[in-house]
Amino acid sequence: MVLLSKSVSALRRFRSRAVSYEGSSYSLSSCKAGGGSLDHYTTCAKLSEDPLKESSPSDMLVDSFGRLHTYLRISLTERCNLRCQYCMPAEGVELTPSSHLLSQNEIVSLANLFVTSGVNKIRLTGGEPTIRKDIEDICLQLSSLKGLKTLAMTTNGITLARKLPKLKEFGLNSINISLDTLVPAKFEFLTRRKGHEKVLESINAAVDLGYNPVKVNCVVMRGVNDDEICGVNDDEICDFVELTRSRPINVRFIEFMPFDGNVWNVKKLVPYYEMLDKVVAKYQGLQRIQDHPSETAKNYRIDGHHGTVSFITSMTEHFCAGCNRLRLLADGNFKVCLFGPAEVSLRDPLRAGAEEDELREIISAAVKRKKAAHAGMLDIAKTANRPMIHIGG
């Protein structure tokens, strides 16, 4: 870890970094796992001199820039019990008919296809995944897939506290809880619903059940949770940092991102360097943690704090070079980039009786079309894409 200087003036500008994949830091090396028949792939520090063989089962997860995608995010539903401003428009969204959404068996079948091809982490998203009635069965079946190491979930926490003990028993081993304010009045403004205490209860329940860390996602928006609103003059960034003092909580500050219907404006964006400045100004001994090459967050530890603080800088410092994520939407569409509009249906060929090899070809072709990096934030804001609740958080 490197001690962070109190001066972070070098970060005081938006940086648009061109991503070069020549001499990429990713490589693919294989080894037989536990005597099984499937190759297990790992990312390494140097580009392998031996190209990946076409016959390799994980070739479908490798894009044209050599990035191996081992992380699949599955949206279980488009429905939600909140109406967060950055996720959907005030009037709501048109929901996909239930008959067009993936069934439990279809979710598990497609997940198994990805896991047997090299995916080792699955995150369940929504909408709100916990409102799905078969969520426990889905967790049990997915956690039983051979080769899956991490089964995670991102949730708003409204109904999580009472369901979490069973979900943990059924294999859910990582949890992210979304909370954008510690002030109840702001919560109701941001989500257009009540429920602040229920979210705090869920965070406490996750800590008590031994999740370590409990990740708390906080989208920071200028004029909302960084200064006065609802009559409360309260910059909350450092209040959130205090959650990490004595508990294994990882607070993740997320830059406000543009999606259809969320009325994104660059003036609402609080950039990473500005958030970091506020933390540095108050806390001594802030240290940068060595991040994994595919990490989406810039992670920090504060002397004397049990937990950690992270910043997800999608808008000002993208991390496309190390992207290892793919998305399966609730309607069965497959998406290779959060900010890219391109999608391809896996539901339709699956229901038409496509064999696994046919599905692999569809997935592989989509992965190979993935671009080196997403567009800049102003271009993203002008590009047609789905609301976040359709894509999955």
Side-chain angles (χ1 to χ4, degrees), residues 1-14 84-86 156-157 175-191 196-197 199-204 206-207 211-257 267-289 291 295-317:
M1 296 187 290
V2 180
L3 187 64
L4 183 72
S5 167
K6 294 203 85 174
S7 171
V8 288
S9 59
L11 289 170
R12 294 180 178 279
R13 62 186 183 276
F14 289 156
C84 297
Q85 294 188 26
Y86 54 79
N156 62 31
I175 194 78
N176 288 53
I177 300 173
S178 298
L179 180 63
D180 304 311
T181 178
L182 298 174
V183 180
K186 288 187 185 182
F187 180 88
E188 191 169 342
F189 171 81
L190 283 165
T191 67
H196 188 260
E197 285 299 321
V199 182
L200 295 179
E201 182 185 350
S202 291
I203 293 172
N204 292 333
V207 171
Y211 283 93
N212 187 359
V214 176
K215 297 182 179 181
V216 176
N217 293 348
C218 177
V219 177
V220 181
M221 291 171 282
R222 194 177 305 283
V224 179
N225 50 2
D226 81 319
D227 59 14
E228 183 173 344
I229 192 162
C230 301
V232 180
N233 186 9
D234 186 12
D235 186 323
E236 294 198 71
I237 289 175
C238 290
D239 292 337
F240 270 97
V241 173
E242 280 300 309
L243 296 178
T244 72
R245 185 176 292 277
S246 60
R247 295 189 292 173
I249 291 176
N250 169 226
V251 172
R252 302 165 72 81
F253 295 112
I254 303 171
E255 292 180 337
F256 183 35
M257 298 176 281
K267 293 180 180 179
K268 294 181 181 179
L269 173 69
V270 181
Y272 153 59
Y273 70 79
E274 189 174 321
M275 292 186 269
L276 182 60
D277 269 355
K278 294 180 179 182
V279 178
V280 170
K282 181 169 181 177
Y283 295 96
Q284 301 289 329
L286 188 68
Q287 297 177 325
R288 179 70 184 269
I289 301 171
D291 301 324
E295 177 62 75
T296 61
K298 294 174 173 62
N299 301 297
Y300 294 82
R301 189 179 306 282
I302 299 173
D303 285 351
H305 283 226
H306 191 60
T308 54
V309 176
S310 303
F311 301 88
I312 298 178
T313 63
S314 303
M315 296 294 94
T316 60
E317 294 187 21

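Quick caveat, the model's predicted, so the values are computed rather than measured.
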Query raised in the report: Between the main-chain N or O of Cys238 and the side-chain N or O of Tyr283, is there a donor-acceptor pair closer than 3.5 Å?
Result: yes
**Report entry** Taking every non-hydrogen atom, the tightest pair across Lys278 and Ile237
**Finding:** CD-CD1, 3.9 Å
Report summary line: Closest heavy-atom pair, Ile203 versus Ile249, reported as atoms and distance to 0.1 Å, is CG2-CD1, 3.9 Å
Query raised in the report: Looking only at atom types and distance, does a side-chain atom of Gln287 sit under 3.5 Å from a main-chain N or O of Asp303, one as donor and one as acceptor?
Result: no
Report task. Apply side chain to side chain contact (heavy atoms under 4.5 Å, CB included) to Thr316 and Tyr273, showing your working. Result -> CA-CA 9 Å; Thr316 60; Tyr273 70 79; 5.9 Å; no
Query raised in the report: With a 4.5 Å limit on heavy-atom distance, are the side chains of Thr191 and Asp180 in contact?
Result: no
Query raised in the report: How far apart are the closest heavy atoms of Glu317 and Lys298, and which atoms are they?
Result: OE1-CE, 3.2 Å
**Report entry** Test side-chain contact (heavy atoms from CB on, under 4.5 Å) applied to Val241 and Thr244, Asp239, Leu243, the passing residue
**Finding:** Thr244
Report task. May I ask you to check whether Asn156 and Ser178 show a side-chain donor-acceptor distance below 3.5 Å? Result -> no
Query raised in the report: What distance do Tyr272 atom OH and Ser310 atom OG have between them, rounded to the nearest 0.5 Å?
Result: 10.5 Å
**Report entry** Close side-chain approach of Val309 to Phe253, heavy-atom, < 4.5 Å
**Finding:** yes
Query raised in the report: Which value, rounded to the nearest 0.5 Å, describes the distance between Arg252 atom CZ and Thr308 atom OG1?
Result: 8.0 Å
Query raised in the report: Can you name the nearest heavy-atom pair linking Asp291 to Ala297, along with the distance?
Result: OD2-O, 3.4 Å
Query raised in the report: Under 4.5 Å between any side-chain heavy atoms of Leu200 and Glu197, yes or no?
Result: yes
Query - Nearest heavy-atom neighbours spanning His306 and Arg301 - result: O-NH1, 4.4 Å
Query raised in the report: Are the side chains of Phe189 and Thr181 in touch, meaning some heavy atoms are under 4.5 Å apart?
Result: no
Query raised in the report: Taking all non-hydrogen atoms of both residues, which atom of Gln284 and which atom of Ile302 are closest, and how far apart?
Result: O-CG2, 3.8 Å
**Report entry** Arg222 side-chain N/O to Leu269 backbone N/O, donor-acceptor pair under 3.5 Å
**Finding:** yes
Query raised in the report: Run the side chain to side chain contact (heavy atoms under 4.5 Å, CB included) check on Leu276 and Leu286 step by step: do they pass?
Result: CA-CA 10 Å; Leu276 182 60; Leu286 188 68; 3.7 Å; yes
Requested in this report: Report yes if some heavy atom in the side chain of Val199 is under 4.5 Å from a heavy atom in the side chain of Phe187; otherwise report no.
Outcome: yes
Requested in this report: For Asn176 and Lys215, indicate whether the former's side chain and the latter's backbone hold a donor-acceptor pair under 3.5 Å.
Outcome: no
**Report entry** Rounded distance (nearest 0.5 Å) linking atom CG of Leu190 with atom CG of Leu179
**Finding:** 9.5 Å
